[in-house]
Amino acid sequence: MRPWFPLMTACLAVLSTGCRQDMYDQPRYEPQEASKFFTDGKSDRPILPSVVHRPDPKTEPRDELYDHYNLGIVDGEPAETFPFPIDRTVLDRGRQRYQIYCTPCHGERGDGQGMIVKRGFSPPPPFYGERPPTGKSPAATIYADLREAPVGHFFEVITKGHGAMYSYASRIGVRDRWSIIAYVRALQLSRYATESELPQQDRDQLSKVSR
Ligand code: HEC
């Protein structure tokens, strides 16, 4: 036996006792394991009623509403309709989220002249009217006027990003994306609404302003 061999073995023995696996071996329950801690005898807690099952697209068939709501797609095409009814509450939420997430580039009115565009960022196209022929926006699009774009197109842009615009999927939840789109639709309408389409209350207000 070589003389250093016992010494090395002793060193290894000391080192190996220093190597503890506390994090790995910490007390825990395996899924579905019984437990005396909760009165129902289970270790896992019941799933909340509001939890929505997300099918695995590879193994489980998705129903139509799943694709409409989560992907903005109906029959393989960008959805033309919203997957849930749009009311005042949705619009108010959409306006608030739009003002947080989209105004820096797209502007309060959706004209594409947000604050950071004024400071040099690529200008996005306006949400209404023809796109200006010049401008740095390079990404290909099929819609010359975004008023013609179906709501599913907006959903895809927010979810995946588009050219110079990055994806907002990690920041804006699915329902909020739809709420924002509803508000963008309102912005688009507002630019072209005629006085006769306004409720009486707003018309009175308008005549006071223009006087
Ligand atoms: C950091 C700046 C920025 C923010 C924030 C931003 N966008 Fe954009 N967006 C752009 C730019 C730039 C383009 C043009 C991209 C291109 O053509 O390369 C664009 C393009 C678009 C388009 C047009 C796509 C097409 O077909 O041409 C839509 C719709 C859109 N954005 C919606 C939104 C919405 C909704 C939000 C808020 C959730 C948002 N964007 C937030 C910069 C931004």
Side-chain angles (χ1 to χ4, degrees), residues 16-106 108 110 114 124 127 139 146 149-190:
S16 65
T17 52
C19 205
R20 291 166 46 177
Q21 298 252 351
D22 284 358
M23 291 282 276
Y24 183 75
D25 293 329
Q26 59 188 302
R28 63 160 188 267
Y29 286 107
E30 299 298 333
Q32 316 261 340
E33 199 179 323
S35 155
K36 293 201 184 85
F37 187 78
F38 295 110
T39 45
D40 63 1
K42 297 177 181 171
S43 58
D44 37 10
R45 297 296 75 219
I47 293 172
L48 296 173
S50 55
V51 167
V52 179
H53 170 66
R54 260 179 99 152
D56 177 353
K58 291 196 202 84
T59 54
E60 289 174 71
R62 302 184 310 233
D63 64 14
E64 235 168 69
L65 189 63
Y66 179 90
D67 280 8
H68 191 174
Y69 184 74
N70 291 287
L71 308 175
I73 288 173
V74 172
D75 294 333
E77 298 289 329
E80 299 275 352
T81 54
F82 287 90
F84 54 86
I86 303 302
D87 56 16
R88 183 75 207 201
T89 318
V90 175
L91 274 177
D92 284 344
R93 172 80 182 173
R95 173 167 60 187
Q96 188 211 42
R97 298 288 108 179
Y98 176 87
Q99 285 173 346
I100 294 169
Y101 290 108
C102 317
T103 46
C105 300
H106 287 272
E108 292 264 344
F127 286 140
L146 282 166
V151 287
H153 177 65
F154 288 84
F155 189 86
E156 189 183 335
V157 172
I158 304 174
T159 308
K160 296 188 181 159
H162 186 91
M165 175 182 154
Y166 33 74
S167 157
Y168 278 83
S170 63
R171 275 158 283 188
I172 307 177
V174 171
R175 196 180 165 87
D176 279 347
R177 283 177 232 166
W178 288 114
S179 313
I180 289 175
I181 299 165
Y183 182 66
V184 169
R185 280 285 190 245
L187 280 179
Q188 291 176 323
L189 270 176
S190 73

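If you're wondering where the values come from, they're calculated on a predicted model, not measured in any experiment.
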Using a cut-off of 6.0 Å, state whether more than 12 heavy atoms not belonging to [X] lie near its atom [atom1].
{"X": "D75", "atom1": "CG", "answer": "no"}
{"X": "Q32", "atom1": "CD", "answer": "no"}
{"X": "R88", "atom1": "CZ", "answer": "no"}

Would a 4.5 Å heavy-atom cut-off, applied to side chains only, mark T159 and Y168 as touching?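 With C-beta onward as the side chain, the pair stays apart.
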Side chain to side chain, R175 and Y69, heavy atoms closer than 4.5 Å: yes
Measure the [atom1]-[atom2] distance between [X] and [Y] for me, rounded to the nearest 0.5 Å.
{"X": "I172", "Y": "C102", "atom1": "CD1", "atom2": "SG", "answer": "5.5 Å"}
{"X": "F37", "Y": "D40", "atom1": "CZ", "atom2": "CG", "answer": "11.5 Å"}
{"X": "L91", "Y": "I180", "atom1": "CG", "atom2": "CD1", "answer": "12.0 Å"}
{"X": "I181", "Y": "F127", "atom1": "CD1", "atom2": "CZ", "answer": "10.0 Å"}

Would you name the heavy atoms of [X] and [Y] that are closest together and state the gap between them?
{"X": "P150", "Y": "A79", "result": "CB-O, 3.3 Å"}
{"X": "I86", "Y": "V90", "result": "CD1-CG1, 3.9 Å"}
{"X": "Y98", "Y": "E108", "result": "CE2-O, 3.9 Å"}
{"X": "R177", "Y": "I158", "result": "CG-CG2, 3.7 Å"}

V157/M165 under side-chain contact (heavy atoms from CB on, under 4.5 Å): CA gap, chis, key distance, verdict: CA-CA 8 Å; V157 172; M165 175 182 154; 3.8 Å; yes
With distance as the sole criterion, is a donor-acceptor pair present between the side chains of S179 and R97 under 3.5 Å? no
Stepwise side-chain contact (heavy atoms from CB on, under 4.5 Å) check, Q188 with L146: CA-CA 9 Å; Q188 291 176 323; L146 282 166; 4.1 Å; yes
In terms of relative ring orientation, are F155 and W178 parallel, tilted or perpendicular, with 30° and 60° separating the classes?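 If you compare the ring of F155 with that of W178, the planes turn out parallel.
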Which residues pass the side chain to side chain contact (heavy atoms under 4.5 Å, CB included) test with S43, not counting sequence neighbours? Y29, E33, S35
Give the C-alpha distance, both sets of side-chain angles, the deciding distance and a yes or no for side-chain contact (heavy atoms from CB on, under 4.5 Å) between T81 and H68. CA-CA 9 Å; T81 54; H68 191 174; 3.3 Å; yes
CA sep, side-chain torsions, deciding dist, call: R171, D176, salt bridge (charged side-chain N to carboxylate O under 4.0 Å, His left out): CA-CA 10 Å; R171 275 158 283 188; D176 279 347; over 6 Å; no
Sequence neighbours excluded, every pair satisfying salt bridge (charged side-chain N to carboxylate O under 4.0 Å, His left out) that has a member inside residues 158-170: E156-K160
With sequence neighbours excluded, residues passing side-chain hydrogen bond (donor to acceptor under 3.5 Å, both in side chains) with D44: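 With neighbours one apart ignored, the set is empty.
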Any chance you could lay out the side-chain contact (heavy atoms from CB on, under 4.5 Å) test for F154 and R185, step after step, and finish with the verdict? CA-CA 10 Å; F154 288 84; R185 280 285 190 245; 3.7 Å; yes
Taking the side chain from E77 and the backbone from V74, do they hold a donor-acceptor pair closer than 3.5 Å?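 It does not hold such a pair.
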